[in-house]
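Notes follow once the structure below has been shown.
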Amino acid sequence: MIRWLFWGIIVAILCVLPRFLGDYTLYVVSLTYVYVTVAIGLNLTLGYANQVSLCHASFFGIGAYTMGLLLAQGWSFWLILPLSGIFAGLFGAVIGFPALKWKDHYLALITIAINIITFFVMMQESWLTGGPTGVSGITRPSIGSLSFTSDINYYYLLLVLFILAILASIWIVNSKWGRAFRAIGLNELAARGHGISSFNYKLLAFAVGAFFAGVGGGLFAPLLRYISPDAFTFFISLEFLIMIVIGGMGRIEGPIIGAIIVVMGPEVLRMAEAAYLIVYSLILILVMLFMRGGLVIVLDRLREAIPARIGSRR
Amino acid sequence: MANFIQLLIGGVSMGILYGVVAIGFVLLWQTSQTINFGQGELVMVPMFLMVALHIVLKIPFWPSFVLTLLGSGIMGYLFERLMIRKLLPGGVLVIVIATLGLSGFLRYGMQIAWTPQTLFFPHLFSTKPIELGDIIFSPEDIWNIVLISVIIIVLHLCIKRTKLGMAMQAVAQSRETAELMGINVRHIITLVFVLNSVLAGTAAVFAAPIFFVRYDIGIFLGVKAFVAAIIGGFNQIRGALVGGLTVGLAETFAAAYITTAYRDAFVMILLLVVLLIKPEGIVGIKEEAY
Amino acid sequence: MLKKTLISISILSLLIFFSSGPAAAAEKVRIGVVIELTGAGASLGDYWTKGVKYATKEINDAGGILGRPVEYKIFDTQSKPPISVSAVKKALAWKPYALSGPIYSSSTLANMFLSQEAKTPQNVGSENWRISTKGSKYIWRTSTQQGFEIPKLLSFIMAEKKPKAIAMLHVNNDYGIGAKETTQKILKETYNTKLVAAMACEQKQADYSAEFSTLRRKKADALFVYLLEEEAAIVYRQVRKMGLKLVLFAPNSGISEDTLRLGKESAEGVYGMSGFEYNAPEPNCVRVSKWFKKQYKEWPDNEFMKGYNSVYLVKTGIEQTGGFDKAKYSQKMHNIFITPKVQKNICGGNLYYDDVGDLHAWDYLVQVKWDGTHAKPKIVAALPPLKGPDSSKKTKWYEK
Amino acid sequence: MLEVKNLISGYGKSEVIRGISLEVKEGQIVTIIGPNGAGKTTFFRTVFGFLPARQGEILFENEDLTKYAPTVRVQKGIAMVPQGRNVFPFLTVLENLKLGAYTRYDQKTLQEGIDLAYGLFPVLKERKSQQAGTLSGGEQQMLVIARALMSRPKFLMLDEPSLGIAPFLIKEIFRTIKAINEEQKMTIFLVEQNAPVALRVAEWGYVMEGGQIHMSGSAQELLNDDRVKGAYLGKKD
C-alpha cells in the first residue's frame, strides 16, 4: 500500500515537473527517459542473463534510423515505433545466433566489432542513411488533434512510454522468461540441468534487450529531430554499460539510477567546464573501487534505515 | 610486385607497433585476468613525457628516452598498486569499467593540464627515401621494424630463459600452483604491470614521430591493440605479434585493393571471422585447456 | 551516516539544479559559445574560444555594443552532434542574444534548427555546403564555405600547374565527403575531367601506404589533401618520406598554422587557400595575430580569427539595426557588405554576406615556404569573392 | 615439528574446520583419513596459508606461521602437493622441476634436486622436454611430487596423492613416498581417503570427521580398530 503511494507520488512529481523546468532541463530529463529505456534493455541482457553486449548503441541506432527514415516515407509514428523495436530485436537475434556461442570477453569483443561495423554502414551508405550528415527534419507525432510537437507534450509522451517500459521490464523479470534469464545468469550449467534451453533463452534475452534499445532509438530520433552516425558509436555502448554498472546490475532500479547519473551527471558537473569529464571518469573509478554493487546499494541502505518498508520487491 | 612489397613494408611497420602494445594486453590478461581499457593512455602519457623532456626541456634523446621509460614504469606500478590490486576480486567487468574511467581521467587530465593541441615530434631516423629499382621505402619504416623486432625478441628470451620470466609464465598458467612454488604472485603481477607500461612507453617513442603527440591518440591505439591481441590469440605473446601484423597488413591491403572508406571496418570484420572460426585467435590456445 | 549525508547532499544539489530556472534578461549582450571544448575538435575549439575572449575584451574596453557590455558563456559540444543539440538548448535557456559556434559541420547541421526556431543569430565556423541549403535565416558563416573555396583553388591549380591526373584524399566525415562531392562536380562541369582517385581517410590515420600505392597505380601528378590539420601534416611528412613527386594542394585546414607547425619542412611547396591567416595582407588579421603571438607565444590558427569575427558580427548587426531586435538583425545581416568603414576591427577586409548567410570574401592563394625554422605560407595570388561588390574586381594573379 | 592448536577456518560464512589440534613429529609419516567433505583439504589449505586461520595457532618448529603468506612458508621449508594435477601445462617437465626450486638459488642444489627427481621417477627423465600438460595422470602426479621436493623441504604435505590414479601406480607412488621419508629424512604429512594404503605407510594417524578430529593413534592401532575398519577400510581389506 505504502509502496504504491510512494510510486504514485513519484509519478505525480514527474507529471508536474515540466512546469518548473526550463527548455533545456526539460530536454535533459526527456533524454534521460530515452536512455533509461535503452539501459533497461541492456539490464535484461547483461544484468539478468549475464550476456555482455557492447553493441547496444547499434540496436539504439537501428531503432532511431528506422524511425527517421520511415517517417520521411510518410509512415505513421505509431506504426514505426513497434517496428523500431522489432527491427532492432531481429537484428539482435540474427547476430546473437552466432555470437552467443561465446561468452565474457569474447562476446564483448564480437559485439564491439558489430558496433563498429554498423557505425561504418551508417556512415558510408548515404543512399540509405544519409551518410555522415545524417537524417534531419524528423517530425514528432500526433493522435487526432492531440499533437506531441512541442517539447512539453513530447515529454509527456516519453513519460508514459518510460513508465510502460519499466512496468514491462518488471513483468518480464517476474515471468517465466525472467526466471530463466536469472537462472542462466547465475549458473548456466545448472540452468541447463533444470531443463532450461540455455541457448534459446540467451538468444531471447539478447533480442529482448535489443528490442528495448530499438524502441529507445525510435523515441530518440523525434526528440532530437536529427540523427547522425556519431550518436551510435561504440563509445555510446560503453555509456550504456556504465549506466547499468553504476546503477546496479540485475536490479530494476539499476538502469534508472545509472541513466540519471550518466546523462545528468555531466550536465550538473558541466559547471566546471572541461574538467567535468575528469570528474566523471574519477567517479567511475571510485564507484568501482568502493561501491561495487552499484548505487542501488545506497538505496537499499536507506530503505533499511527507514522503518516503514517502502519500495519494490527485490 | 613493387607495389605489393611497398604495401607489405607499410603494413608491417604499422602492425608491429600495434603488436608491441598488444603484447602488454596479453601479459596483463595472462597473469592477472585484467583487460585494460586504459592501455592506449599508457602510450599517450609517455608520448607527452618524451615531448616534455626532449623538446621542451631540450634534454638529449637518450637520457629523455630512459627517463620516459622510468616514468612509464612508475605509472604502471601505481596503476597496479592503487587500482588493480583492489579491483581484481571483482572480476573482469569491474576492471573494464574502472580502466575505462582511468582512460578518461588520463586523457582529459592531459588535455587540461597541458594542451588540447597536437604537438610536434621529430623523426628519429633519416627521412631520405631509399630506392631499390621500383621500390621506394623510407629508412624510418625499416628501422622501426628492425628495432621493435629486436625488443620483442629480447622480451621473448627474457620470458623463456630467465628465472623471473619463468615465474611470470608460472603465474600465467596457474596462480595457486605458482604460489606453491614459493613464487610471490603479487610481486610478479606488479612486475608485469611495470613491464607492460615500459613496453607501452617504448611503443610511444616509436609512435610519436608517426602519429604526432596528442591527448586523444590513446583511444585509437588502444582499440587497435585490443583487436590485434584478440585476433592473434589473447593468451600467447606471439599471438599479440601475429595479431598486430595481421591488423596492420589487413587494413593496408584492404585499403589499397578494396576501398579506403571501410578501412577500420575491415579490421572488425576480420575480427568477427577469426572469432567465429577460431575464437582462441590465430595462434592462441583454447582456454579450456587450462 | 556518511553515506546518508552524501545522499542528502546529492539530492539537494539535484533540486538546486532543477529549480534554477531561466534567469531574468540582463542588461548585457549575451553570447552563448557552443563549441568543441573536448573531443576530436578540442584544438580548434580552443582557438575559437580564445578569439571570442579577445574580441569580447576589446569590445568591452571600447564601451560595449551600443553601451551594453558583452558577456559570453561556454557550452561544450564534446565534438558530438547530439551533445551539441543539448548544448545549444542549454545555451538558449541562458537567453543569449546570439550564439557563436560550433565548428564541426555535423554539429551545426544537428543544432541549427534550434537557433532558427528561437530566432537567435548563430555564427558558425562550419564549411559544409549543405548548411546554406537548409533555409535558416539565422545562420552565418565565419569563413567561406567549401563550395566557394574549392572552385577558386582549382582554377589556380588547373591554370598554373596543368595537372594530368588529380587524386584526392579526404577525411571520412561530412566535411571531407562534402568536399569530395563539390570537387567532383566542379571538375566535371568546368574542366570536363574527373578525379583519378578519391580516397576516404580516417581521423588519426597514420599510415598512408595504401593510398600512396593507389596514387602510383593511377599515375597521379597532383594530390588534393582535404584532411584535418594533424592528418594533413602527417600526409606531407609521408609524401616526403616516400619520395613522391606530386603537386600538393589543400584547403585552409591544410596550410593553417596548426598544420604547418607540425608539418615543418615537409610542407614546403604545398599550395593552399587562406582566408584569414595571420599573414594575410589585411591589417586586422595582422593585428590580432600579433596580439595572439605575444599572449600565447605562437601564431594563431584561423579558427582564432573566426571566433573573433563571430563576436564582431554580432556587434555589426546590432549597430546596423540600432537596437536589439533580432528579426531586424537577421534582415540587416543578409546581403550586407561589411567594409572596414562599417566595422573597423573585423578581420578579413571586405566581407559580403549573401541572402543565405554565406560569406564571400577575398581569399589568398598561398604556397608554403620553409625558412629553416618555420614553414610559412607565402601569398602567390589574391582571388576575389565569387559574389558581392568585390566579385567584379578582376585581378591578375597577385604579384608572383 | 608441526603443532596445530585449536585451528578454526572456513569459506565465507561457513566454518569448515572447527577447532583442530594435532601434532606431527619430525621424521614421521603422519596421515589424516576421513570421509569426503570432512574438511581435510580445507585443513591443509589453511596450514599452507591459502586460507587464513580464523583462530588458533600453527606452530612450525615452534614458530607461529599464521601471519605468513604461503610464499614465506615455502621458504621456511614447507612444501605442499595439492589435490589434482597441478602441473604448469604449457611448460616442459624440466621447466616444471626448475620452478619447484624457485626459492633455491644455487645451481648445485638445482642439479642435485633434478638428479634426485629422475632417480625417484625415471619416467620423468624420458619425458623431460615434453609439455607437462601432455603427460598421463599418473605421470603428472609424479611430476608434482618431484617438483615439491625440488625446494628441499623439511616438511612435505601431500593432499590425496592417490586420487584418480590407476591402482598399480598408487602402490608405486606410496612406495616412493616411503622411500623419500626414509632416504631423505623428510617429515611427511598426508591426507588420504584411501585409508588402508595411507595407514600402511604411516606411523601415526588422525581420523577427521565434520571438521574435527575424532580419533588418533598409531597407524597400526587404527588399522586394527573396529570402528575404523567398518567406516574406512571396507570389506576388501
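Not measured: the values here are computed from a predicted model. Every chain is numbered from 1, with letters handed out A, B, ... down the list of sequences.
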Hey, does B:Ile148 have a side-chain heavy atom less than 4.5 Å from the side chain of B:Phe206?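 Counting from C-beta outward, B:Phe206 and B:Ile148 do come under 4.5 Å.
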Is it true that D:Lys108 and D:Glu112 make a salt bridge, defined as a side-chain N closer than 4.0 Å to a carboxylate O?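 A salt bridge links D:Lys108 with D:Glu112.
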Below 4.5 Å, heavy-atom pairs only: which of D:Leu99, D:Val81, D:Val144, D:Val87 has the largest tally toward chain B?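 Result: the option with the highest number of such pairs is D:Leu99.
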Residue among D:Ser151, D:Gly133, D:Ala101, D:Pro82 with most heavy-atom pairs under 4.5 Å to chain B: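 Top option by heavy-atom pairs under 4.5 Å: D:Pro82.
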Could you tell me whether a side-chain N or O of D:Arg54 sits under 3.5 Å from a main-chain N or O of D:Gly10, the two making a donor and an acceptor?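 Here the side-chain-to-backbone pair exists.
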Interface residues of residues 61-73 of chain D facing chain B - non-hydrogen atoms under 4.5 Å apart: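 Hits under 4.5 Å: D:Pro70, D:Thr71.
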Determine whether B:Phe226 and B:Phe37 satisfy the following criterion, ring pair (Phe, Tyr, Trp, His ring centres under 6.0 Å), listing intermediate values before the conclusion. CA-CA 8 Å; B:Phe226 197 5; B:Phe37 271 80; 5.2 Å; yes
Under a plain distance cut-off of 3.5 Å, with no hydrogens placed, do B:Ser72 and B:Ser197 share a side-chain donor-acceptor pair?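 No - no donor-acceptor pair under 3.5 Å links their side chains.
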Are the aromatic rings of B:Phe193 and B:Tyr77 close, with centres under 6.0 Å apart?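 When the ring centroids of B:Phe193 and B:Tyr77 are compared, they turn out to be at least 6.0 Å apart.
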For the aromatic rings, using the six-membered ring if either is Trp, is the centroid distance between D:Phe44 and D:Phe50 under 6.0 Å?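 No; D:Phe50 has its ring centre 6.0 Å or more from that of D:Phe44.
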